[in-house]
Protein chains: 2
Amino acid sequence: MLEIQVSSETDRQRFAAVGRALADPKRLCVLESLAAGEMSVSDLATRVACQVPNMSQHLAVLRSAGLVTTRRVGNSIYYRLADQRVLEAYQLIRSIAR
Amino acid sequence: MLEIQVSSETDRQRFAAVGRALADPKRLCVLESLAAGEMSVSDLATRVACQVPNMSQHLAVLRSAGLVTTRRVGNSIYYRLADQRVLEAYQLIRSIAR
DNA sequence: CTGGTACTTGCGTGTTTGCGCAAGAAGTGA
DNA sequence: TCACTTCTTGCGCAAACACGCAAGTACCAG
């Protein structure tokens, strides 16, 4: 039996932001891609099959939810998963949806 | 290191539906409430502070994502969590957002 | 300084979402 | 059947979202 204590409304809004970040197939594809290691924006755009500006917006959602972090190398910006727990959460969601 | 195999697009859409179910503060409040045990729609509406039709729609989202199940007793319909993993996923999300 | 690459931001558009309200099931009891 | 309770569904509207495209910012090489 898992202990769940009640959250405040503002806390739930922050948690919901994480849920929203996980609510789009393209963003989930980004997480799968980043599971193998960091990637640049244009690489991710190619892999997910969308335009670079669109990818940048999706990455902004993931970033503001705290799921990914960035590192600049010259012109490129490399994104990586912020935490191993992001993959754990995604795996759990996949097992629930199975 | 967590192993993540790539999903198909249709699979990711199903996973994203779970993410969407977790993307609203009221629905998260429902999950917290159901952690203590099953509740009727009107009870949940009172607890979450919204109208019954609105609650019914939120519950439909959770239900179609497979996060909750129902049981009818007379006029009332009792909702409960479909799986312990739903709480585990929520706990993970909370720890990530902390 | 100039040109080129990589990314972000702003804007317009069509779609989806959350909500209140009214109307429709579904069940209970008299 | 009738009245009542409980939940779901349909409708309309405002807000949020995903997307393409154009413009802006940041960095590097020459």
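These numbers come from a predicted model, not from an experiment. Naming convention: chains lettered A, B, ... in sequence-line order (proteins, then strands); numbering from 1 in each chain.
The backbone N or O of B:A65 sits nowhere less than 3.5 Å from a side-chain atom of B:R63 that would complete a donor-acceptor pair. No side-chain donor-acceptor contact under 3.5 Å links B:R27 to the backbone of B:C29. Although no hydrogens or angles enter the test, the distance criterion places a donor-acceptor pair under 3.5 Å between the side chain of B:R12 and the main chain of B:S7.
The distance from atom CZ of B:R71 to atom C1' of C:dA26 is 17 Å, rounded to the nearest whole Å. As rounded to whole Å, 9 Å separates atom P of C:dA26 from atom CZ of B:R72. The interatomic distance linking B:L59 (CG) with D:dT6 (P) rounds to 16 Å, in whole Å.
Note on A:Y79: only backbone sugar-phosphate atoms sit closer than 4.0 angstrom, heavy atoms only; bases stay farther off.
Side-chain atoms of A:Q57 lie closest to D:dG20 of the nucleotides D:dG20, C:dG4, C:dG20. For B:I77, the side-chain atoms get nearest to D:dC7 when compared with the rest of D:dT9, D:dC7, D:dG20. Taking the side chain of A:N75 as heavy atoms from C-beta on, and the options D:dA18, C:dA22, C:dT5, the nearest nucleotide is C:dT5.
Neither B:I93 nor B:V61 shares a network with the other; the hydrophobic side chains, linked directly or stepwise wherever heavy atoms of I, L, V, M, F, W or Y lie under 4.5 Å apart, form separate groups for each. Following chains of ILVMFWY side-chain contacts shorter than 4.5 Å, one can reach B:L31 starting from B:L59, so the two form part of one hydrophobic cluster.
Close to C:dC19, at under 4.0 Å from its OP1 or OP2, lies a side-chain N or O of B:H58. Contact annotation: A:Q51 reaches the phosphate of D:dC21 (side-chain N/O to OP1 or OP2, under 4.0 Å). Remark: A:N54 is in phosphate contact with D:dG20, judged by side-chain N or O atoms under 4.0 Å from OP1 or OP2.
Cation-pi geometry between B:R94 and B:Y90 is met: the NZ or CZ atom falls under 6.0 Å from the ring centre, inside 45° of the normal.
Contact check of residues 6-42 of chain B against DNA chain D (heavy atom, cut-off under 4.0 Å) returns B:S40, B:V41, B:S42.
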